Amino acid sequence: ASSGHAAQIMAFFPLMSPGDHIVAARKLYGGSINQMTHAYKKFGWEVTFVDFDNAEDIKAALTPKTKALFCESLANPGGSVTDLAMVSEIAHSAGVPLVVDNTLATPYLCRPLEHGADIVVNSTTKFLTGNGTSIGGMVTDSGKFDWNNGKFPSLSEPAPEYHGVKFAEAMGELAYTFYNHAIGLRDLGACLSPQNAFHALLGIETLPLRMEKHSANALAVAQYLEGHDKVDWVSYVGLDSSPYKALADQYLPKGAGAVFTFGLKGGYEAGIELIRQLDLFSLLANVGDIRSLVIHPASTTHRQVPPENLPLVGAGPEVVRLSIGCEDVADIIADLEQALAKI
């Protein structure tokens with residue numbers, strides 16, 4: 001698809017009708033929360049956000065109109081790992097698919113389909129392409145979900161928009177994929193450009209090498225920051241101090257990814273000054289570039305949010321988000337060291 005957000009629309013399009021409902025994790029990329037809170041309402045789709053660490057909260061949010069559960073395998077900006085086996089069991093007990101955004105983990109670090117997920121979305125803009133130049137998205141179908149359970153008429157009943165074909169009957173395990181090819185891409189028009197597809201395919205060739213380097217560098221940087229006297233806290237699932245370390249070992253055995261946040265003791269002004277003093281890091285709202293990126297959300301991407309609400313969306317005044325690149329880790333740490341010294 002043409003972007004990660006387009007991929008999410010495509011992922012839900014065969015499942016949903018006006019009045020239908022999605023149960024989504026509260027810990028999501030801010031753009032996804034915005035899309036689900038506002039844009040989906042224009043389709044008549046309702047979304048309830050709950051804590052996906054708590055199985056009972058998920059079950060309590062289910063309604064007869066629920067058509068999917070949605071979460072991120074490794075939540076942006078890297079502060080939590082979803083217990084995919086637990087969540088998929090709840091989804092399947094309710095007769096609905098589990099849709100997982102695997103953008104931060106990538107298929108190299110985490111394979112959600114092997115842990116019970118039914119549909120996976122990725123923003124190829126990030127790590128899959130890897131160079132920060134090309135926008136794209138991807139939807140992957142396991143082919144294992146039974147669409148003939150009475151909840152998904154677009155797939156099980158005659159499709160008037162495609163000559164009355166019953167996709168589940170005619171296409172079997174490829175029903176969902178063929179529906180999105182024949183109807184989703186055609187009617188929504190969210191096609192990936194050939195040039196961006198070419199860039200993504202080139203990037204994927206080096207994905208294993210890059211993700212190993214990203215993860216090793218990020219762990220070293222997180223450990224360094226955790227011991228710094230100007231840093232209040234570090235939220236990285238690869239650290240032994242993370243409450244998600246056991247889940248990270250289970251679902252992300254090759255590494256915990258590149259993206260995480262930390263809090264500066266100096267608060268808002270310290271965050272702005274850190275950005276000013278960094279040399280190697282690029283100030284960008286993107287993640288997943290081969291280069292190291294930094295953002296201070298409270299003074300940039302979340303400036304429009306009332307100050308009292310910033311901590312609620314994970315963008316408190318002290319928060320800095322890093323996307324650690326593939327440079328020499330000593331250079332990355334040296335840049336942080338000199339910048340922190342000037343705060």
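Only heavy atoms go into these numbers, but all of them, side chains included; no hydrogens, no water, no symmetry mates. The structure displayed is predicted, hence computed values, not measured ones.
- Using a 4.5 Å heavy-atom cutoff, the side chains of Val23 and Phe52 are in contact.
- Aromatic ring pairs are classed by plane angle as parallel below 30°, tilted from 30° to 60° and perpendicular above 60°; the pair Phe145 and His92 is tilted.
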Which atom pairs, one a donor and one an acceptor, fall under 3.5 Å between side chains of residues 281-295 and the rest of the protein, sequence neighbours left out?
unit_1 : atom_1 : unit_2 : atom_2 : d
Asp289 : OD1    : Arg291 : N      : 3.2
Asp289 : OD1    : Arg291 : NH1    : 2.6
Asp289 : OD2    : Arg291 : NH1    : 3.0
Arg291 : NH1    : Asn131 : O      : 3.3
Ser292 : OG     : Gly325 : N      : 2.8
Ser292 : OG     : Glu327 : OE1    : 2.8

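- Counted by atom type alone, Asp83 and His115 present zero donor-acceptor pairs between their side chains at under 3.5 Å.
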Can you give me every donor-acceptor pair (side chain of residues 94-106, partner residue at least two apart or in another chain, under 3.5 Å) with its distance?
unit_1 : atom_1 : unit_2 : atom_2 : d
Asp101 : OD1    : Thr103 : N      : 2.9
Asp101 : OD1    : Thr103 : OG1    : 2.7
Asn102 : OD1    : Ser73  : OG     : 2.6
Asn102 : ND2    : Thr106 : O      : 3.2
Asn102 : ND2    : Cys110 : O      : 3.0
Thr103 : OG1    : Ser123 : N      : 2.9
Thr106 : OG1    : Tyr108 : N      : 3.2

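- To the nearest 0.5 Å, the span separating NE2 on His214 from CG on Leu219 amounts to 14.5 Å.
- Counted within 6.0 Å of NZ on Lys230, heavy atoms from surrounding residues, nucleotides or ligands total more than 12; the atom is thus considered enclosed.
- Counting heavy atoms from C-beta on, the side chains of Met138 and Val121 never come closer than 4.5 Å.
- When only modelled atom types and interatomic distance are considered, Glu337 and Tyr224 share a side-chain donor-acceptor pair under 3.5 Å.
- Counting non-hydrogen atoms of neighbouring residues, nucleotides and ligands closer than 6.0 angstrom, the CD1 atom of Ile135 reaches no more than 12 such neighbours.
- Taking a 6.0 Å sphere around CD of Glu161, one finds it holds more than 12 heavy atoms contributed by other residues, nucleotides or ligands.
- A 6.0 Å sphere centred on CD of Gln338 holds more than 12 heavy atoms belonging to other residues, nucleotides or ligands.
- Applying the 6.0 Å contact sphere to CZ of Phe49 captures more than 12 heavy atoms from other residues, nucleotides or ligands.
- A salt bridge is defined here as a Lys NZ or Arg NE, NH1 or NH2 lying under 4.0 Å from an Asp or Glu carboxylate O, and Asp232 with Lys265 fails to meet this definition.
- Ring geometry, Phe12 versus Tyr40: the interplanar angle exceeds 60°, so the pair is classed perpendicular (tilted spans 30 to 60°).
- Around atom NZ of Lys42, no more than 12 heavy atoms belonging to other residues, nucleotides or ligands sit under 6.0 Å away.
- Using modelled atom types, one finds a donor on one side chain and an acceptor on the other under 3.5 Å when comparing Asp53 with Tyr244.
- Interatomic distance, CG of Leu278 versus CG of Leu322, reported as 8.0 Å (0.5 Å rounding).
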